Amino acid sequence: MQTNICLFNTLTRKKETFVPLEAGKAKVYTCGPTVYDYAHIGNFRAFLFEDLLKRWLTYRGYKVTHIMNLTDIDDKTIKGSQKQGIPLRQFTDFYVKAFFEDIKALNILPADVYPKATDHIPEMIQIIKTLMAKGVAYKGEDGSIYFSVCKFPEYGKLSHLKVGELKAGARVSQDEYAKEEAQDFALWKAWTPEDGDVFWETELGKGRPGWHIECSAMSTKYLGETFDIHCGGVDNMFPHHENEIAQSEAATGKTFVHYWMHNEHLQVEGKKMSKRFGNFYTLRDLLAKGYDPIAIRYLLMSTHYRQQFNFTFEGLEAAKSAVERLRNFVRRLHEAEGTTATGKVATLTAKLEACFGGSMDDDLNIGIALSSLFDFVREMNALLDANLVSKAEAAEAGGLMMRLDEVLGVIGKVEVEEALPQDIDALVQKRETARKAKNWKEADEIRAQLKAMGIVLEDTAQGIRWHKEKA
RNA sequence: GCUGGGGUGGCCGAAUGGCUUAGGCGGUAGCCUGCAGAGCUGCUCUAUAUGGGUUCAAUUCCCAUCCCCAGCUCCA
C-alpha cells in the first residue's frame with residue numbers, strides 16, 4: 001500500500017510524508033481528558049482533530065490502533081473527590097461516563113482502548129525503576145522521585161525550548177526545593193497529608209505517580225516502545241510531551257514517537273476562553289441551549305487544526321446551515337428519478353474524490369476539502385434541477401457522499417421515505433386535498449401544525465416531500 | 001522579558017509573486033413556486049492591520065509599527 005499523506009511534525013516543524021512503522025498500520029496515541037469535570041469545547045476541538053486524523057488514515061486504508069488515556073489521578077481529581085467526600089474512583093467514574101456520552105454525541109469514533117492511569121501503576125513503577133537503575137532518576141529529599149533533565153541531552157527537542165532559558169519561578173511548586181535542578185520533574189510523588197487516602201504502597205515508597213509517566217507507561221504497553229503518531233493540544237507540548245520523550249527514550253534507548261501532532265487552541269468570541277470572561281462552555285452547556293451536536297462537530301472541525309479558531313454562536317448557526325445543505329443534497333440524490341445519463345456525474349465525482357483526497361492528504365487541509373465538496377454539491381444540484389441525473393448516477397454520487405461522510409461524520413443516515421405514523425400521514429393527505437382545492441389557508445395551517453411536530457413538508461415538482469427537522 | 005503563531009469581504013474561514021483572490025454563512029435581486037421550503041443565477045460597491053521597501057507585478061517576500069493569541073513545569 002502506498003499513500004501520500006503528509007503530516008506536520010512538531011519535532012521537525014515540517015510537513016513530512018507519513019511512513020508507518022508497519023506497512024498498512026498506524027499506531028496512534030492521543031492525550032485524553034483529566035476526568036475531574038465535564039470537558040469543554042476546547043478539549044473537544046482536540047478530540048475532533050484526532051478523530052478526523054484517524055478517520056482519514058482509515059479512509060486511506062490504514063488499520064489504525066488508537067489509544068486514548070484517561071487521567072484519573074492528579075491534584076484536581078484528588079481535590080474533587082475530597083470535596084465531595086467520595087472515593088477517587090467513584091468521583092472519576094462519573095466524569096468518565098460523561099466523557100463517553102459527550103464523544104458519542106459528537107460522533108467521535110471510540111478509541112480501541114481507554115487505559116486509566118490508576119490501572120497502570122505497576123507499569124509506571126517498572127519504567128521508573130529502569131530510569132533509576134540507569135542513573136537518570138533520583139530520590140529527592142522529600143522522598144519523591146525526579147527525572148534528572150541534565151542527563152538527557154536531547155531534552156527540549158520537541159518544544160524547541162532551551163532548558164537554561166526557562167523562566168524560573170513562573171509557577172513554583174511546593175516540592176521544588178527537594179529537586180536537584182529546577183527543571184527536573186516528578187516521576188513519583190511522595191505521599192503528603194493533602195493526598196488523604198489516595199496513595200499506593202510500592203517499592204518506590206508510599207505515594208502516587210507524577211503526571212507524565214502515565215502516558216509513557218500506557219502508550220508503551222499498548223503500542224510498543226516506538227509508535228507512529230502522538231497527538232495533543234499545543235499546551236501539552238511542553239512540558240508534558242517533552243517529559244514523555246525524556247522518560248521513554250531514556251528508559252528504552254529507542255525513538256519514542258515518529259510523528260508528533262499538536263492542535264491549536266480555540267478562542268471564544270475573540271477572547272481566550274475562561275470562566276472569568278463568562279465565555280467558558282462545556283458541550284453540555286451548548287446542548288442545553290439547543291444546539292445540534294453535529295453542528296458543533298462541523299464547526300470545530302472545519303478550521304485547520306493548527307490554526308487558532310474563534311468560536312462564535314454566529315459561526316455555530318452557520319455550521320448548522322452548512323450541514324443542513326449537505327443533508328438536503330443527499331436527500332435529493334435519494335429521490336432522483338431521472339433517466340438521462342449525461343456522463344457528467346462521473347466527471348464530477350472523480351474530480352471531487354481527487355480534490356478532497358489531495359487536500360486531506362496535505363496535513364488534513366479540510367478547508368479545501370470542504371470547498372471541493374460544496375463545489376460538487378452546487379454543480380450536482382444544477383444537474384438535478386435540469387433533471388439530468390439518472391438514478392444510477394445519483395446512486396453513484398450518493399455513494400461517494402457516504403464514503404466522504406465516513407471521514408466527516410456530519411451527514412449521517414438521511415432518512416429515506418419511511419412510512420409516517422398514520423395520524424401524521426392522515427394530516428399530510430388532508431393538507432394535500434386542501435391544497436389541490438386551492439384552500440391555501442387550511443393547507444398552510446396544517447403545514448405549520450406538522451412543522452410544530454417536527455415534520456417539514458416541501459412541495460416539489462415531483463410531488464410532496466417531507467423530512468424530519470433536525471435539532 | 002524570551003520563544004512561537006496570527007491579523008483577509010457583513011461574519012467564519014482558504015489560497016497564492018501575476019493567469020478566475022476558494023468555500024460556507026448572512027443579506028439582496030431574479031428564476032421556480034399559490035405561498036413557503038429546497039435549488040439555481042447575479043449582486044454584496046478596489047477584502048488582504050498600518051507605514052515603508054524589493055519587484056515589470058505583493059495580500060503573498062523584506063523592514064518597522066500597532067493589535068490579538070499561545071508556551072515558558074502538571075490548562076486541549
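Quantities reported herein were computed from a predicted structural model and do not represent experimental measurements. By convention in this document, chain letters (A, B, ...) are assigned in the order of the sequence lines, proteins followed by strands, and residues within each chain are numbered from 1. Values reported hereafter were calculated over all heavy atoms of this structure, with side chains retained and with hydrogens, waters and symmetry mates removed.
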Novice: Would you kindly say whether A:D362 and A:S359 are connected by a side-chain donor-acceptor distance under 3.5 Å?
Specialist: no
Novice: Please check: side-chain N/O of A:D405 versus main-chain N/O of A:V410, any donor-acceptor pairing under 3.5 Å?
Specialist: yes
Novice: Which part of the nucleic acid does A:F49 contact within heavy-atom distance under 4.0 Å: base, sugar-phosphate only, or nothing?
Specialist: nothing
Novice: Between N or O atoms, less than 3.5 Å apart, protein on one side and nucleotides 31-35 of chain B on the other: list the pairs.
Specialist:
{"from": "B:G34", "atom 1": "O6", "to": "A:R431", "atom 2": "NH2", "distance (Å)": "3.4"}
{"from": "B:G34", "atom 1": "N1", "to": "A:D444", "atom 2": "OD1", "distance (Å)": "3.1"}
{"from": "B:G34", "atom 1": "N2", "to": "A:D444", "atom 2": "OD2", "distance (Å)": "2.8"}
{"from": "B:C35", "atom 1": "O2", "to": "A:R447", "atom 2": "NH2", "distance (Å)": "2.6"}
{"from": "B:C35", "atom 1": "N3", "to": "A:R447", "atom 2": "NH1", "distance (Å)": "2.9"}
{"from": "B:C35", "atom 1": "N3", "to": "A:R447", "atom 2": "NH2", "distance (Å)": "3.4"}
{"from": "B:C35", "atom 1": "N4", "to": "A:D459", "atom 2": "OD2", "distance (Å)": "2.8"}

Novice: Paired stems touching RNA chain B, three or more consecutive Watson-Crick or G-U pairs with both distances under 3.5 Å?
Specialist: B:1-7 with B:66-72, B:10-12 with B:23-25, B:26-31 with B:39-44, B:49-53 with B:61-65
Novice: Side chain to side chain donor-acceptor pair (under 3.5 Å) with A:T282: which residues, sequence neighbours excluded?
Specialist: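 With neighbours one apart ignored, the set is A:D285.
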Novice: Contact class for A:L266 (heavy atom, under 4.0 Å): base, sugar-phosphate, or nothing?
Specialist: base
Novice: State which of B:U41, B:C74, B:A76 makes the closest approach to the side chain of A:W211.
Specialist: B:C74
Novice: With a 6.0 Å cut-off on the ring centroids, do A:Y155 and A:F147 count as close?
Specialist: no
Novice: Given the C1' atoms of B:G13 and B:A22, what is the spacing between them in whole Å?
Specialist: 10 Å
Novice: Can you sort out the partners of A:H262 under ring pair (Phe, Tyr, Trp, His ring centres under 6.0 Å), two or more places apart, ordered by chain and number?
Specialist: A:H241
Novice: Mind checking what makes side chain to side chain donor-acceptor pair (under 3.5 Å) contact with A:N107, not counting sequence neighbours?
Specialist: none
Novice: Taking atom CG of A:N9 and atom CD of A:E16, what is their separation to the nearest 0.5 Å?
Specialist: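 CD of A:E16 is found 4.5 Å from CG of A:N9.
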Novice: Which nucleotide sits closest to the side chain of A:F185: B:C40, B:G24, B:U73?
Specialist: B:U73
Novice: Going by the rule salt bridge (Lys or Arg N to Asp or Glu O under 4.0 Å), which residues pair with A:K436 if we only count those two or more places apart in sequence or in a different chain?
Specialist: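 Per chain and number, A:K436 pairs via salt bridge (Lys or Arg N to Asp or Glu O under 4.0 Å) with A:E432.
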Novice: Given B:G71, B:C68, B:A38, which nucleotide is nearest the side-chain atoms of A:L161?
Specialist: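 The nucleotide sitting nearest to the side chain is B:G71.
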Novice: Between B:C40, B:C75, B:U73, which nucleotide gets closest to the side-chain atoms of A:D235?
Specialist: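 Closest nucleotide among those given: B:C75.
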Novice: Taking RNA chain B as the partner, which of residues 33-46 of chain A come within under 4.0 angstrom of it by heavy atom?
Specialist: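 Contacts with RNA chain B under 4.0 Å: A:H40, A:G42, A:N43, A:A46.
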Novice: Please state the P separation for the pair B:U65 and B:A15 - nearest whole angstrom.
Specialist: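 Here B:U65 and B:A15 have their P atoms 28 Å from each other.
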Novice: Determine the contact category for A:K76: base if any of its heavy atoms lies under 4.0 Å from a base atom, sugar-phosphate if only primed atoms, P, OP1 or OP2 are that close, otherwise nothing.
Specialist: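 If one applies the 4.0 Å heavy-atom cut-off, A:K76 turns out to touch the sugar-phosphate alone, with no base involved.
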Novice: Do A:D75 and A:R208 meet the salt-bridge criterion of a basic N to acidic O distance under 4.0 Å?
Specialist: yes
Novice: Residues two or more places apart in sequence or in another chain: which of them pass salt bridge (Lys or Arg N to Asp or Glu O under 4.0 Å) with A:E154?
Specialist: A:K157
Novice: How about A:F91 and A:Y95: are their ring centres within less than 6.0 Å of each other?
Specialist: yes
Novice: How does protein contact run along nucleotides 5-11 of chain B, one letter per nucleotide 5' to 3', with B for base contact, S for sugar-phosphate only, - for none, heavy atoms under 4.0 Å?
Specialist: BS----S
Novice: At under 4.0 Å between heavy atoms, what does A:H265 touch on the DNA or RNA strands: base, sugar-phosphate, or nothing?
Specialist: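 Base contact.
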Novice: For the residue pair A:F280 and A:H40, does the interplanar ring angle fall in the parallel (under 30°), tilted (30 to 60°) or perpendicular (over 60°) class?
Specialist: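 Plane angle over 60°, so perpendicular.
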Novice: Toward the 5' end of RNA chain B, which comes first, A:R13 or A:T303, by nearest nucleotide?
Specialist: A:R13
Novice: Taking only side-chain N and O atoms of A:S321, does any of them lie within less than 4.0 angstrom of OP1 or OP2 on B:G24?
Specialist: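 Answer no for this pair, as no side-chain N or O of A:S321 is under 4.0 Å from OP1 or OP2.
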Novice: Check every atom of B:U41, B:C74, B:C72 against the side chain of A:F238 and return the nucleotide holding the closest atom.
Specialist: B:C72
Novice: Between A:N310 (side chain) and A:E269 (backbone), is there a donor-acceptor pair under 3.5 Å?
Specialist: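 A pair under 3.5 Å: yes.
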Novice: Does a side-chain N or O from A:K320 land closer than 4.0 Å to OP1 or OP2 of B:C25, or not?
Specialist: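 Checking A:K320 against B:C25: no side-chain N or O falls below 4.0 Å of OP1 or OP2.
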Novice: Measuring to OP1 and OP2 of B:A38, would you say a side-chain N or O of A:R325 lies under 4.0 angstrom away?
Specialist: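 Negative; the distance criterion is not met.
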Novice: Give a yes or no answer on whether the side chain of A:R45 reaches the backbone of A:H265 with a donor-acceptor pair at less than 3.5 Å.
Specialist: yes
Novice: Please name all residues satisfying salt bridge (Lys or Arg N to Asp or Glu O under 4.0 Å) with A:K83, sequence neighbours left out, ordered by chain then number.
Specialist: none
Novice: Check RNA chain B against residues 361-377 of chain A and give the residues with a non-hydrogen atom under 4.0 Å, in numerical order.
Specialist: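 Heavy-atom contacts with RNA chain B come from A:N365, A:G367, A:I368, A:S371, A:F374, A:D375.
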Novice: Take atom C1' in B:G1 and the same atom in B:U60, then report the distance between them in whole Å.
Specialist: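 It comes out at 32 Å once rounded to the nearest Å.
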Novice: Is any side-chain N or O of A:N328 closer than 4.0 Å to OP1 or OP2 of B:A38?
Specialist: no
Novice: If you only use heavy atoms from C-beta on, which nucleotide in B:C69, B:C40, B:C12 is closest to the side chain of A:A382?
Specialist: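 Of all the options, the side chain of A:A382 is nearest to B:C40.
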Novice: Looking across every strand, which nucleic acid part, if any, lies under 4.0 Å from A:D75 by heavy atom: base, sugar-phosphate, or nothing?
Specialist: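 Touches nothing.
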Novice: Parallel, tilted or perpendicular: which fits the ring planes of A:Y298 and A:F374, with parallel below 30° and perpendicular above 60°?
Specialist: perpendicular
Novice: Applying side chain to side chain donor-acceptor pair (under 3.5 Å), can you list everything that pairs with A:W56, at least two apart in sequence or on another chain?
Specialist: A:D361
